[in-house]
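For clarity, every value in this text was computed on a predicted model and none was experimentally measured. Residue numbers start from 1 in every chain, and the chains themselves are labelled A, B, ... in the order their sequence lines are given, proteins ahead of strands. Only this structure's heavy atoms are used, side chains among them; waters, hydrogens and symmetry mates stay out.
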Amino acid sequence: MNSTLAPKPLHPVLKGLAILLLVYSFFMGWLGDVPRKVILNESVRNLYFHVPMWFGMLLMLLGSAVYSIRYLLFQQFLDDTQAQALSLVGLVFGFLGLFTGMVWAQFTWGSWWSGDPKQNASAVGLLLYLAYMVLRSSFEDARNRARMAAVYNVLAFFCLIPLLFILPRLTDSLHPGNGGNPGFSAYDLDGRMRWVFYPAVVGWTLMGWWLANLWARYRTLTTSVAPPNSKP
Amino acid sequence: MNPSAQIRRALVLLGHDVRRETRQAQALAGSLLYLVAGVFAAQLLLRPVGPAAWLTFYWLLVLFVSVYTVSRSFLGQSRGLHLYYRVSVPGVAWWLTKVMTGTLMMWVLMGFCALLMALWMGYPIQDTGLFVLTIFLGAPLLVTVLTLVSAMSQGSTQPAQLMPVLGFPLLVPGLLLVHRLSKLALDGLSRDLAWTYAGAMVGLNLMLLALGILLFPFLWRD
(Lines give C-alpha, C1' and ligand atoms only; values in the text may rest on other atoms or scores of the structure.)
Protein backbone atom coordinates (compact mmCIF):
# COMPACT_ATOMS: atom_id res chain seq x y z
CA MET A 1 0.00 0.00 0.00
CA ASN A 2 2.69 2.48 1.03
CA SER A 3 5.75 2.01 -1.07
CA THR A 4 7.83 4.76 0.55
CA LEU A 5 9.75 4.29 3.78
CA ALA A 6 8.24 7.23 5.62
CA PRO A 7 5.04 9.25 5.14
CA LYS A 8 5.24 11.65 2.23
CA PRO A 9 6.09 15.22 3.19
CA LEU A 10 3.22 17.66 3.17
CA HIS A 11 2.72 19.40 -0.16
CA PRO A 12 4.65 22.73 -0.24
CA VAL A 13 1.50 24.62 -1.24
CA LEU A 14 -0.20 23.49 1.97
CA LYS A 15 2.85 24.47 4.03
CA GLY A 16 2.87 27.91 2.40
CA LEU A 17 -0.85 28.28 2.99
CA ALA A 18 -0.44 27.36 6.67
CA ILE A 19 2.24 30.03 7.16
CA LEU A 20 0.33 32.62 5.17
CA LEU A 21 -2.96 32.09 7.01
CA LEU A 22 -1.29 32.09 10.44
CA VAL A 23 0.70 35.25 9.72
CA TYR A 24 -2.54 36.87 8.49
CA SER A 25 -4.53 35.72 11.52
CA PHE A 26 -1.83 36.87 13.99
CA PHE A 27 -1.53 40.24 12.26
CA MET A 28 -5.28 40.81 12.07
CA GLY A 29 -5.78 39.20 15.46
CA TRP A 30 -3.58 41.73 17.24
CA LEU A 31 -4.09 44.81 15.06
CA GLY A 32 -7.43 44.36 13.28
CA ASP A 33 -10.62 46.12 14.23
CA VAL A 34 -12.82 44.25 16.70
CA PRO A 35 -16.31 45.05 18.09
CA ARG A 36 -16.30 46.84 21.45
CA LYS A 37 -18.11 44.72 24.02
CA VAL A 38 -18.74 45.16 27.72
CA ILE A 39 -16.64 42.81 29.92
CA LEU A 40 -15.01 41.18 26.88
CA ASN A 41 -13.29 44.40 25.72
CA GLU A 42 -10.08 43.64 23.86
CA SER A 43 -10.06 40.06 25.11
CA VAL A 44 -12.53 39.23 22.33
CA ARG A 45 -9.40 38.85 20.17
CA ASN A 46 -8.78 35.57 21.96
CA LEU A 47 -11.52 34.14 19.73
CA TYR A 48 -8.88 33.99 16.98
CA PHE A 49 -6.50 31.94 19.15
CA HIS A 50 -8.55 29.99 21.70
CA VAL A 51 -11.33 28.62 19.51
CA PRO A 52 -9.12 27.43 16.60
CA MET A 53 -7.21 25.30 19.15
CA TRP A 54 -10.39 23.29 19.82
CA PHE A 55 -11.22 22.94 16.14
CA GLY A 56 -7.64 21.89 15.53
CA MET A 57 -7.62 19.43 18.41
CA LEU A 58 -10.86 17.76 17.33
CA LEU A 59 -9.73 17.46 13.73
CA MET A 60 -6.34 16.02 14.82
CA LEU A 61 -8.05 13.50 17.10
CA LEU A 62 -10.55 12.60 14.38
CA GLY A 63 -7.64 12.00 12.00
CA SER A 64 -5.90 9.96 14.66
CA ALA A 65 -8.99 7.77 15.13
CA VAL A 66 -9.26 7.27 11.36
CA TYR A 67 -5.62 6.11 11.20
CA SER A 68 -6.27 3.75 14.11
CA ILE A 69 -9.22 2.20 12.28
CA ARG A 70 -6.97 1.84 9.23
CA TYR A 71 -4.37 0.12 11.38
CA LEU A 72 -6.95 -2.36 12.66
CA LEU A 73 -8.03 -3.11 9.11
CA PHE A 74 -4.65 -3.32 7.36
CA GLN A 75 -1.99 -3.76 10.11
CA GLN A 76 0.44 -1.26 8.63
CA PHE A 77 2.77 0.24 11.26
CA LEU A 78 2.81 3.48 9.33
CA ASP A 79 -0.86 4.03 10.20
CA ASP A 80 -0.11 3.46 13.87
CA THR A 81 2.70 6.03 13.78
CA GLN A 82 0.41 8.54 12.05
CA ALA A 83 -2.27 7.95 14.68
CA GLN A 84 0.24 8.58 17.45
CA ALA A 85 1.59 11.70 15.74
CA LEU A 86 -1.88 13.19 15.25
CA SER A 87 -2.95 12.49 18.83
CA LEU A 88 0.27 14.09 20.13
CA VAL A 89 -0.44 17.25 18.15
CA GLY A 90 -4.06 17.03 19.32
CA LEU A 91 -2.80 16.98 22.91
CA VAL A 92 -0.61 20.02 22.31
CA PHE A 93 -3.58 21.89 20.82
CA GLY A 94 -5.71 20.74 23.73
CA PHE A 95 -3.26 22.09 26.31
CA LEU A 96 -2.94 25.38 24.43
CA GLY A 97 -6.74 25.58 24.17
CA LEU A 98 -7.12 24.97 27.89
CA PHE A 99 -4.42 27.51 28.71
CA THR A 100 -5.77 30.28 26.45
CA GLY A 101 -9.25 29.50 27.77
CA MET A 102 -8.15 29.81 31.38
CA VAL A 103 -6.51 33.17 30.76
CA TRP A 104 -9.66 34.35 29.01
CA ALA A 105 -11.84 33.01 31.82
CA GLN A 106 -9.79 34.90 34.41
CA PHE A 107 -10.48 38.19 32.65
CA THR A 108 -14.15 37.67 31.79
CA TRP A 109 -15.66 35.17 34.25
CA GLY A 110 -13.41 36.17 37.14
CA SER A 111 -11.53 32.97 37.89
CA TRP A 112 -9.05 30.65 36.23
CA TRP A 113 -11.27 27.64 36.71
CA SER A 114 -15.03 27.78 37.22
CA GLY A 115 -15.92 24.13 36.76
CA ASP A 116 -17.73 24.96 33.55
CA PRO A 117 -18.95 21.78 31.76
CA LYS A 118 -16.75 22.54 28.77
CA GLN A 119 -13.70 23.14 30.96
CA ASN A 120 -14.28 19.84 32.71
CA ALA A 121 -14.96 17.99 29.49
CA SER A 122 -11.77 19.26 27.88
CA ALA A 123 -9.73 18.39 30.97
CA VAL A 124 -11.09 14.84 30.84
CA GLY A 125 -10.41 14.77 27.12
CA LEU A 126 -6.76 15.56 27.81
CA LEU A 127 -6.66 12.80 30.44
CA LEU A 128 -8.06 10.36 27.87
CA TYR A 129 -5.22 11.04 25.45
CA LEU A 130 -2.55 11.18 28.14
CA ALA A 131 -3.77 7.70 29.11
CA TYR A 132 -3.33 6.70 25.46
CA MET A 133 0.35 7.65 25.76
CA VAL A 134 0.65 5.66 29.02
CA LEU A 135 -0.96 2.66 27.32
CA ARG A 136 1.51 2.87 24.44
CA SER A 137 4.46 2.95 26.78
CA SER A 138 3.42 -0.15 28.70
CA PHE A 139 3.74 -2.69 25.90
CA GLU A 140 7.03 -4.20 24.91
CA ASP A 141 5.87 -5.97 21.78
CA ALA A 142 5.39 -3.48 18.94
CA ARG A 143 2.47 -5.32 17.33
CA ASN A 144 0.59 -5.70 20.60
CA ARG A 145 1.20 -2.05 21.37
CA ALA A 146 -0.08 -0.90 18.01
CA ARG A 147 -3.18 -3.11 18.18
CA MET A 148 -4.17 -2.19 21.75
CA ALA A 149 -3.42 1.49 21.18
CA ALA A 150 -5.59 1.48 18.04
CA VAL A 151 -8.53 -0.10 19.87
CA TYR A 152 -8.15 2.33 22.76
CA ASN A 153 -7.90 5.31 20.43
CA VAL A 154 -11.18 4.48 18.70
CA LEU A 155 -12.88 3.92 22.06
CA ALA A 156 -11.46 7.19 23.45
CA PHE A 157 -12.67 9.18 20.46
CA PHE A 158 -16.19 7.78 20.81
CA CYS A 159 -16.19 8.62 24.54
CA LEU A 160 -14.98 12.15 23.79
CA ILE A 161 -17.99 12.93 21.61
CA PRO A 162 -20.69 12.60 24.32
CA LEU A 163 -18.34 14.42 26.68
CA LEU A 164 -17.85 17.45 24.45
CA PHE A 165 -21.17 17.72 22.63
CA ILE A 166 -23.93 16.05 24.61
CA LEU A 167 -23.18 16.51 28.32
CA PRO A 168 -22.52 20.30 28.19
CA ARG A 169 -25.99 20.69 26.64
CA LEU A 170 -27.63 18.94 29.59
CA THR A 171 -26.31 21.54 32.03
CA ASP A 172 -25.77 25.28 32.11
CA SER A 173 -22.50 26.55 30.79
CA LEU A 174 -20.83 29.93 30.82
CA HIS A 175 -19.70 29.44 27.23
CA PRO A 176 -21.47 31.35 24.45
CA GLY A 177 -24.41 29.49 22.96
CA ASN A 178 -25.08 27.50 26.16
CA GLY A 179 -27.49 27.91 29.04
CA GLY A 180 -29.22 30.98 27.64
CA ASN A 181 -25.99 32.77 26.74
CA PRO A 182 -25.98 34.41 23.33
CA GLY A 183 -24.21 32.41 20.63
CA PHE A 184 -20.96 33.31 18.99
CA SER A 185 -22.69 35.13 16.14
CA ALA A 186 -24.15 37.71 18.57
CA TYR A 187 -20.64 39.03 19.27
CA ASP A 188 -19.98 39.35 15.62
CA LEU A 189 -22.51 41.88 14.42
CA ASP A 190 -21.07 42.77 11.06
CA GLY A 191 -19.27 39.51 10.25
CA ARG A 192 -15.84 41.18 10.42
CA MET A 193 -14.49 38.66 12.86
CA ARG A 194 -15.37 35.74 10.63
CA TRP A 195 -12.84 36.96 8.07
CA VAL A 196 -10.09 36.38 10.59
CA PHE A 197 -11.58 33.49 12.54
CA TYR A 198 -12.11 31.01 9.72
CA PRO A 199 -8.66 31.56 8.15
CA ALA A 200 -7.18 31.06 11.62
CA VAL A 201 -9.00 27.72 11.98
CA VAL A 202 -7.76 26.53 8.59
CA GLY A 203 -4.25 27.81 9.28
CA TRP A 204 -3.92 26.08 12.64
CA THR A 205 -5.35 22.84 11.27
CA LEU A 206 -2.83 22.85 8.42
CA MET A 207 -0.05 23.66 10.88
CA GLY A 208 -1.10 20.74 13.07
CA TRP A 209 -1.20 18.41 10.10
CA TRP A 210 2.27 19.57 9.12
CA LEU A 211 3.64 19.04 12.64
CA ALA A 212 2.12 15.55 12.83
CA ASN A 213 3.55 14.74 9.42
CA LEU A 214 7.03 15.86 10.50
CA TRP A 215 6.81 13.88 13.73
CA ALA A 216 5.61 10.73 11.94
CA ARG A 217 8.41 11.04 9.37
CA TYR A 218 11.02 11.54 12.06
CA ARG A 219 9.63 8.63 14.03
CA THR A 220 9.57 6.24 11.07
CA LEU A 221 13.10 7.13 10.09
CA THR A 222 14.53 6.72 13.60
CA THR A 223 12.80 3.58 14.91
CA SER A 224 14.00 0.16 14.00
CA VAL A 225 11.32 -1.58 16.07
CA ALA A 226 8.50 -0.91 13.69
CA PRO A 227 9.61 -1.35 10.10
CA PRO A 228 6.97 0.04 7.77
CA ASN A 229 5.20 -2.38 5.44
CA SER A 230 5.82 -5.41 7.64
CA LYS A 231 2.79 -7.66 7.91
CA PRO A 232 2.27 -9.52 11.16
CA MET B 1 -22.04 -16.88 11.80
CA ASN B 2 -25.49 -15.29 11.83
CA PRO B 3 -26.40 -13.00 14.75
CA SER B 4 -28.99 -15.28 16.36
CA ALA B 5 -26.50 -18.16 16.55
CA GLN B 6 -24.00 -15.70 17.98
CA ILE B 7 -26.46 -14.68 20.70
CA ARG B 8 -27.44 -18.30 21.45
CA ARG B 9 -23.78 -19.13 21.81
CA ALA B 10 -23.32 -16.18 24.15
CA LEU B 11 -26.22 -17.39 26.29
CA VAL B 12 -24.69 -20.86 26.60
CA LEU B 13 -21.40 -19.24 27.53
CA LEU B 14 -23.21 -17.01 30.00
CA GLY B 15 -24.53 -20.04 31.86
CA HIS B 16 -21.02 -21.47 31.81
CA ASP B 17 -19.45 -18.24 33.04
CA VAL B 18 -22.01 -17.74 35.80
CA ARG B 19 -21.44 -21.32 36.96
CA ARG B 20 -17.69 -20.71 36.93
CA GLU B 21 -18.14 -17.55 39.01
CA THR B 22 -20.35 -19.34 41.55
CA ARG B 23 -17.90 -22.24 41.82
CA GLN B 24 -15.12 -19.76 42.51
CA ALA B 25 -17.37 -18.08 45.04
CA GLN B 26 -14.39 -16.69 46.94
CA ALA B 27 -13.92 -14.20 44.10
CA LEU B 28 -17.37 -12.63 44.40
CA ALA B 29 -17.01 -12.91 48.16
CA GLY B 30 -13.84 -10.86 47.80
CA SER B 31 -15.80 -8.06 46.11
CA LEU B 32 -18.52 -8.23 48.76
CA LEU B 33 -15.93 -8.01 51.51
CA TYR B 34 -14.34 -5.06 49.69
CA LEU B 35 -17.70 -3.27 50.00
CA VAL B 36 -18.18 -4.20 53.65
CA ALA B 37 -14.73 -2.89 54.54
CA GLY B 38 -15.21 0.25 52.42
CA VAL B 39 -18.63 1.16 53.81
CA PHE B 40 -17.55 0.40 57.37
CA ALA B 41 -14.51 2.64 57.09
CA ALA B 42 -16.65 5.38 55.55
CA GLN B 43 -19.30 5.33 58.25
CA LEU B 44 -16.55 5.74 60.83
CA LEU B 45 -15.09 8.73 59.00
CA LEU B 46 -18.21 10.40 57.57
CA ARG B 47 -20.36 11.02 60.59
CA PRO B 48 -22.87 12.63 60.36
CA VAL B 49 -23.23 12.02 56.61
CA GLY B 50 -25.22 14.44 54.43
CA PRO B 51 -27.30 13.18 51.48
CA ALA B 52 -24.92 14.60 48.83
CA ALA B 53 -21.91 12.98 50.53
CA TRP B 54 -23.83 9.69 50.78
CA LEU B 55 -24.47 9.68 47.05
CA THR B 56 -20.93 10.71 46.11
CA PHE B 57 -19.47 8.06 48.34
CA TYR B 58 -21.83 5.44 46.94
CA TRP B 59 -20.67 6.04 43.35
CA LEU B 60 -17.00 6.27 44.29
CA LEU B 61 -17.18 2.94 46.09
CA VAL B 62 -19.12 1.38 43.20
CA LEU B 63 -16.51 2.71 40.77
CA PHE B 64 -13.63 1.18 42.76
CA VAL B 65 -15.35 -2.14 43.30
CA SER B 66 -16.25 -2.37 39.61
CA VAL B 67 -12.59 -1.88 38.61
CA TYR B 68 -11.64 -4.58 41.12
CA THR B 69 -14.36 -7.02 40.05
CA VAL B 70 -14.12 -6.65 36.28
CA SER B 71 -10.33 -6.70 36.16
CA ARG B 72 -10.32 -9.87 38.24
CA SER B 73 -12.59 -11.63 35.74
CA PHE B 74 -9.87 -11.13 33.11
CA LEU B 75 -6.55 -10.72 34.80
CA GLY B 76 -7.27 -13.32 37.49
CA GLN B 77 -7.89 -16.01 34.91
CA SER B 78 -5.32 -18.76 34.65
CA ARG B 79 -3.19 -18.69 31.50
CA GLY B 80 -4.41 -22.11 30.39
CA LEU B 81 -8.10 -21.30 30.77
CA HIS B 82 -7.57 -18.06 28.93
CA LEU B 83 -5.89 -19.78 25.98
CA TYR B 84 -8.67 -22.37 25.92
CA TYR B 85 -11.32 -19.64 25.56
CA ARG B 86 -9.30 -17.81 22.92
CA VAL B 87 -9.11 -20.85 20.74
CA SER B 88 -12.66 -22.08 21.19
CA VAL B 89 -14.84 -18.96 21.48
CA PRO B 90 -15.32 -16.18 18.90
CA GLY B 91 -14.61 -12.68 20.18
CA VAL B 92 -18.13 -11.28 19.84
CA ALA B 93 -19.73 -14.13 21.80
CA TRP B 94 -17.08 -13.74 24.49
CA TRP B 95 -17.68 -9.99 24.66
CA LEU B 96 -21.45 -10.40 25.10
CA THR B 97 -20.88 -13.07 27.74
CA LYS B 98 -18.45 -10.97 29.72
CA VAL B 99 -20.74 -7.94 29.62
CA MET B 100 -23.71 -10.02 30.81
CA THR B 101 -21.81 -11.78 33.61
CA GLY B 102 -20.21 -8.52 34.71
CA THR B 103 -23.53 -6.68 34.65
CA LEU B 104 -25.20 -9.39 36.76
CA MET B 105 -22.36 -9.20 39.27
CA MET B 106 -22.45 -5.41 39.37
CA TRP B 107 -26.22 -5.42 39.97
CA VAL B 108 -25.65 -7.68 42.96
CA LEU B 109 -22.75 -5.58 44.22
CA MET B 110 -24.50 -2.23 43.71
CA GLY B 111 -27.60 -3.49 45.51
CA PHE B 112 -25.48 -4.88 48.32
CA CYS B 113 -23.57 -1.60 48.64
CA ALA B 114 -26.86 0.36 48.89
CA LEU B 115 -28.14 -2.04 51.57
CA LEU B 116 -24.94 -1.78 53.59
CA MET B 117 -24.95 1.99 53.39
CA ALA B 118 -28.63 2.07 54.35
CA LEU B 119 -27.78 -0.03 57.41
CA TRP B 120 -24.80 1.98 58.62
CA MET B 121 -25.21 5.42 57.13
CA GLY B 122 -28.96 5.94 56.72
CA TYR B 123 -31.01 5.94 53.53
CA PRO B 124 -31.49 9.43 52.04
CA ILE B 125 -32.95 8.33 48.65
CA GLN B 126 -36.49 9.64 48.23
CA ASP B 127 -37.41 8.02 44.91
CA THR B 128 -36.28 4.41 45.23
CA GLY B 129 -37.79 3.38 41.87
CA LEU B 130 -35.61 5.91 40.05
CA PHE B 131 -32.56 4.83 42.06
CA VAL B 132 -33.14 1.20 41.02
CA LEU B 133 -33.40 2.37 37.41
CA THR B 134 -30.05 4.18 37.80
CA ILE B 135 -28.43 1.00 39.08
CA PHE B 136 -30.07 -1.01 36.31
CA LEU B 137 -28.73 1.31 33.57
CA GLY B 138 -25.47 2.21 35.31
CA ALA B 139 -24.03 -1.27 35.76
CA PRO B 140 -23.63 -2.06 32.03
CA LEU B 141 -21.99 1.39 31.52
CA LEU B 142 -19.25 0.51 34.00
CA VAL B 143 -18.90 -3.08 32.81
CA THR B 144 -18.63 -2.41 29.06
CA VAL B 145 -15.86 0.16 29.45
CA LEU B 146 -13.93 -1.80 32.07
CA THR B 147 -14.18 -5.09 30.18
CA LEU B 148 -12.65 -3.47 27.10
CA VAL B 149 -9.98 -1.80 29.23
CA SER B 150 -9.04 -4.98 31.08
CA ALA B 151 -8.84 -6.90 27.81
CA MET B 152 -6.56 -4.14 26.50
CA SER B 153 -4.27 -4.03 29.49
CA GLN B 154 -3.92 -7.79 29.70
CA GLY B 155 -0.78 -8.16 27.61
CA SER B 156 0.91 -5.07 29.05
CA THR B 157 3.77 -4.91 31.51
CA GLN B 158 1.63 -3.42 34.32
CA PRO B 159 -2.02 -4.43 33.82
CA ALA B 160 -3.16 -3.53 37.36
CA GLN B 161 -1.89 0.06 37.07
CA LEU B 162 -3.33 0.53 33.60
CA MET B 163 -6.89 -0.29 34.66
CA PRO B 164 -7.64 2.94 36.56
CA VAL B 165 -5.47 5.14 34.31
CA LEU B 166 -7.34 4.04 31.19
CA GLY B 167 -10.69 3.35 32.83
CA PHE B 168 -11.41 6.47 34.88
CA PRO B 169 -11.30 9.04 32.07
CA LEU B 170 -13.33 6.74 29.81
CA LEU B 171 -15.92 6.31 32.57
CA VAL B 172 -16.41 10.04 33.23
CA PRO B 173 -19.30 10.57 30.76
CA GLY B 174 -21.14 7.56 32.19
CA LEU B 175 -20.45 8.53 35.79
CA LEU B 176 -21.71 12.07 35.21
CA LEU B 177 -25.00 10.74 33.84
CA VAL B 178 -25.33 8.17 36.61
CA HIS B 179 -24.68 10.82 39.23
CA ARG B 180 -27.19 13.27 37.73
CA LEU B 181 -29.92 10.64 37.51
CA SER B 182 -29.37 9.38 41.04
CA LYS B 183 -29.28 12.98 42.32
CA LEU B 184 -32.83 13.30 41.01
CA ALA B 185 -33.72 10.07 42.82
CA LEU B 186 -32.13 11.48 45.97
CA ASP B 187 -34.14 14.71 45.83
CA GLY B 188 -37.33 12.90 44.82
CA LEU B 189 -38.47 15.73 42.54
CA SER B 190 -40.49 15.45 39.34
CA ARG B 191 -39.36 12.65 37.03
CA ASP B 192 -39.62 14.76 33.86
CA LEU B 193 -35.91 15.53 33.66
CA ALA B 194 -35.04 11.95 34.61
CA TRP B 195 -36.17 10.59 31.24
CA THR B 196 -33.66 12.80 29.43
CA TYR B 197 -30.79 11.36 31.49
CA ALA B 198 -32.14 7.81 31.32
CA GLY B 199 -32.42 8.14 27.53
CA ALA B 200 -28.84 9.41 27.32
CA MET B 201 -27.69 6.45 29.43
CA VAL B 202 -29.50 3.96 27.19
CA GLY B 203 -27.87 5.62 24.17
CA LEU B 204 -24.40 5.51 25.73
CA ASN B 205 -24.90 1.86 26.69
CA LEU B 206 -25.91 0.93 23.16
CA MET B 207 -22.95 2.84 21.71
CA LEU B 208 -20.49 1.09 24.03
CA LEU B 209 -22.04 -2.32 23.34
CA ALA B 210 -21.78 -1.74 19.59
CA LEU B 211 -18.18 -0.46 19.89
CA GLY B 212 -17.34 -3.60 21.83
CA ILE B 213 -18.86 -5.82 19.15
CA LEU B 214 -16.69 -4.05 16.57
CA LEU B 215 -13.50 -3.74 18.62
CA PHE B 216 -13.42 -6.79 20.87
CA PRO B 217 -12.51 -9.27 18.10
CA PHE B 218 -9.32 -7.24 17.55
CA LEU B 219 -8.38 -7.58 21.22
CA TRP B 220 -9.21 -11.25 21.12
CA ARG B 221 -7.00 -12.46 18.34
CA ASP B 222 -3.32 -12.98 18.92
With a 4.5 angstrom heavy-atom cut-off, could you sort out which part of [X] is near chain A: side chain, backbone, both or neither?
X: B:Met152; value: both
X: B:Leu204; value: side chain
X: B:Leu193; value: neither

Tell me, which pairs form a side-chain hydrogen bond (donor to acceptor under 3.5 Å, both in side chains) where one or both residues lie in residues 52-62 of chain B, sequence neighbours left out?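 side-chain hydrogen bond (donor to acceptor under 3.5 Å, both in side chains) check on residues 52-62 of chain B returns B:Trp59-B:Ser182.
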Write out all pairs satisfying side-chain hydrogen bond (donor to acceptor under 3.5 Å, both in side chains) with one or both partners inside residues 85-103 of chain A, taking only residues at least two apart or from two chains.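 For residues 85-103 of chain A: A:His50-A:Thr100.
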[atom1] of [X] to [atom2] of [Y]: how many Å apart, nearest 0.5 Å?
X: A:Met148; Y: B:Leu148; atom1: CE; atom2: CG; answer: 11.0 Å
X: B:Leu214; Y: A:Phe158; atom1: CG; atom2: CZ; answer: 8.5 Å
X: A:Leu155; Y: B:Leu170; atom1: CG; atom2: CG; answer: 5.0 Å
X: A:Tyr152; Y: B:Leu162; atom1: OH; atom2: CG; answer: 10.0 Å

Please check if the side chain of B:Thr157 supplies one atom and the backbone of A:Ser138 the other of a donor-acceptor pair under 3.5 Å.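 Checking the backbone N and O of A:Ser138 against the side chain of B:Thr157, a donor-acceptor pair under 3.5 Å is found.
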Over 12 non-hydrogen atoms of neighbours within 6.0 angstrom of OH in B:Tyr123: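 More than 12 heavy atoms, drawn from other residues, nucleotides or ligands, come within 6.0 Å of this atom.
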Heavy atoms only: give me the nearest A:Cys159-B:Pro173 pair and the separation to one decimal.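 Between these two residues, the closest heavy atoms are O-CG, 3.7 Å.
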Anything in residues 119-137 of chain A with a heavy-atom distance to chain B below 4.5 Å? Please list those residues in order.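 The stretch touches chain B at A:Val124, A:Leu127, A:Leu128, A:Ala131, A:Val134, A:Leu135.
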In residues 54-62 of chain A, which residues are in contact with chain B at a heavy-atom separation under 4.5 Å?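 Listed by number, there are no contacting residues, so the answer is none.
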